[in-house]
Amino acid sequence: MQSSVWRAAGLAAAILLMADCSQHVASPARAVPRDAATSANVDAFVATHLVLDLTADFDAKTLSGTAELLFNRRDPKATEVVLDTRDLLIRQVETATREGPWTRSTHRLDLATPAFGSALRITMPSGADRVRIAYSSSPAAKGLQWLTPAQTAGKKQPFLFSQAQAINARSFIPLQDMPGVRVTYEATIRTPAELVAVMAAERTAGEAGTGLFHFSMPQPIPSYLIAIAIGDLRFKAMSERTGVWAEPALLDAAAREFEDTETMMRTAEALYGPYRWGRYDLLVLPPSFPFGGMENPRVTFATPTVIAGDKSLVALVAHELAHSWSGNLATNATWSDFWLNEGFTTYLERRIVEATYGKGVAEMHGVIGLRDLAQSRRDLTVARDRTLQPDLAGRDPDEAYSTVPYEQGALFLSFLEAKFGRGAFDQFLRRWFDEHAFQPVTTAEFLEALRTQLMAANPTAVRDDEIQEWLQSETVPAFAVLPMSDALVKVEQARDLWLAGGTIDALAKTASAWSTQEWMHFVDALPRQMEIGRLRALDRRFSLTDSQNAEIAHVWFRLAIANRYTAAYPAMERYMIRIGRRKLIVPLYRDLSATSDGMALATRIYAKARDGYHPLAQGAVDVILKPKNS
Ligand SMILES: [Zn+2]
């Protein structure tokens, strides 16, 4: 009873919203940019609002209930709407006109493909512009991870979280799963009474202990930003509009670590315009979360591996916060334009870090990013994936995921900043976000803005062929403006002195004030072939094998693998079982797989670790460890 009243209220609110907030809604005349990964017939129907009523069943590992979609009908003659799904069990489909009653409709699911799942085809009677689908997600849904209590910090309650980017929303909601379509949404979420649900939306009703939560998302968002987490979650405020959600054991440490969030928001607003999403909270997930962070609007999902105790890894917050402009506001129209989300955001992240922690810190991040870019390019097997314009036809965008759109994109923007001047470039970016707020953006549109704004005012600053090289090159262009860091040059000098026979005491004296980034650079810049005695001396003095800093431990384990420093292996194994963040574990599997005894070890570790990993991390490691002859 309550749910149907709620649904009716939700829909009425949505219709009102569409009338009131026209600035939020894409102009109806504009064609929706087609993404290669969707089956949706957006020329006929474009979704504008979603109403969810879902029950989380931790025993069955399913979300089940209904999803209602309200469409803008663009083709009055269309008789079918096509939605994206993956592994969903569809129970019943109904359709309706805007004001009319629900009637049962026929539907069929196309044969599933591994890349995209199955298209759901629903018969639409004349005038119908709403569908209601009763369904359940699969226990193996690619966009959900169901954790046992043992996989959480508290060890007492289970945990569920979603990760919809790039095309995994379809594994828990039937919808038009593409970044060019934006919906507002309402959700009713039913959970076991002892758990709390959090969504990337405003919680409009629901208290801990009731097992019933209502959410409303008034700003239209693309499907990949729909997000839910359910667990033993508590909240702690950091400022009037920022706060942290975490399991009780992590709450205080997380709030301390992220206490500069409000300062970062003010910096970002001063540079790029008002923050348009109301609150900005962070939700700390269990360590199996496959990413560093996910910029779900109003509540960033973050890995606990950035809680280092000294704020040294909070550039992640700057990054996810920056997505509130680049990505969430001006959104890549297709996944081939991913650099418009991530290159812009990496550039913005460094600007926020510079303003908050100083130029020297931002420079270190830039240099480390450049090194990651080179490494990432070497690991890619498809040549076009090394450019800013990958060809994703027929592929799950996740297959092409790498550092390239992040770092090559950020270098491109740094180049433009250097050529046009920071003042002009900042103005250009602010205008870009204002003019494309709540809209999809393409690379062509970016080039057009560049031409008509920055280049028109300063025609000799950059050349067309330079811009094309940025987009198409598999390497960093020779004319790039590269990041430099005095601090990291000093680290290299300290390394050289020590390698030339300097004492560990002299090194310790220099290193006593090193930050996480300086340590990462030092370890990463050590030779891949060293005397084991030297490694042991380093380890004994600085306890690198036992480092509680996940990033330092990561570079140390890579050095250990290269040198077969087996004393680090037991700690590395524990690390690889505990953490599921792809960036931290996948390179370790890849390094190990280069030798036959390493491969044997990797296979043994993976046998213990795989069940604890997210499906996305499993997919990445499966590829590395699959027998070469299969
Ligand atoms: Zn990002």
Side-chain angles (χ1 to χ4, degrees), residues 143 161-169 179 200 221-227 258 261 264-265 267-268 271-272 275 277 280-285 289-303 305-306 313-353 362 365-366 368-370 372-373 376 385 388 390 397-398 400-414 429 432-433 436 440-441 443 446 551 581-584 586 614 616-617 620:
F161 66 87
S162 67
Q163 167 59 36
Q165 195 179 33
I167 58 164
N168 294 319
I221 56 165
S223 55
Y224 78 89
L225 292 176
I226 296 172
F258 302 140
T261 303
M264 291 187 194
M265 281 182 86
T267 299
L271 284 168
Y272 307 118
Y275 179 78
W277 303 92
Y280 181 79
D281 296 325
L282 288 136
L283 187 149
V284 180
L285 290 171
F289 184 50
F291 295 100
M294 179 61 210
E295 65 270 24
N296 300 315
R298 298 179 65 99
V299 56
T300 282
F301 284 14
T303 168
T305 62
V306 294
L313 299 175
V314 298
L316 180 107
V317 177
H319 182 95
E320 305 311 334
L321 172 66
H323 271 305
S324 307
W325 288 265
S326 45
N328 298 6
L329 211 53
T331 307
N332 54 207
T334 72
W335 294 116
S336 297
D337 296 310
F338 193 43
W339 81 275
L340 292 174
N341 277 17
E342 296 301 348
F344 274 58
T345 295
T346 303
Y347 171 84
L348 264 57
E349 165 204 329
R350 305 241 161 94
R351 292 293 304 276
I352 295 169
V353 166
H365 285 287
I368 289 171
L370 189 62
D372 289 348
L373 173 61
S376 178
D385 293 349
L388 289 182
D398 200 52
Y401 183 84
S402 81
T403 305
V404 173
Y406 294 72
E407 296 294 342
Q408 178 92 340
L411 286 170
F412 181 18
L413 297 198
S414 296
L429 285 183
W432 172 256
F433 297 130
H436 299 93
V441 285
T443 298
F446 172 71
E551 295 275 4
R581 185 178 171 191
R582 284 202 305 200
K583 178 188 144 179
L584 296 179
V586 170
H614 188 280
L616 288 170

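Read the numbers this way: they start at 1 and go in the same order the structure lists the ligands and their atoms.
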**Item:** Nearest to the Zn ion (ligand 1) - the N/O/S atom of H319, by atom name
**Value:** NE2
**Asked** Is the ring centre of W325 less than 6.0 Å from the ring centre of F344?
**Response** no
**Considering only N, O or S atoms of E342, the one closest to the Zn ion (ligand 1)** = OE1
**Request:** For the Zn ion (ligand 1), decide whether E295 has an N, O or S atom at a distance under 2.8 Å.
**Result:** no
**Asked** Any side-chain heavy-atom pair from E407 and L370 closer than 4.5 angstrom?
**Response** no
**Shortest non-hydrogen separation from S326 to L340 and the atoms involved** = CB-O, 4.4 Å
**Request:** Please confirm whether F161 and F289 have ring centers closer than 6.0 angstrom.
**Result:** yes
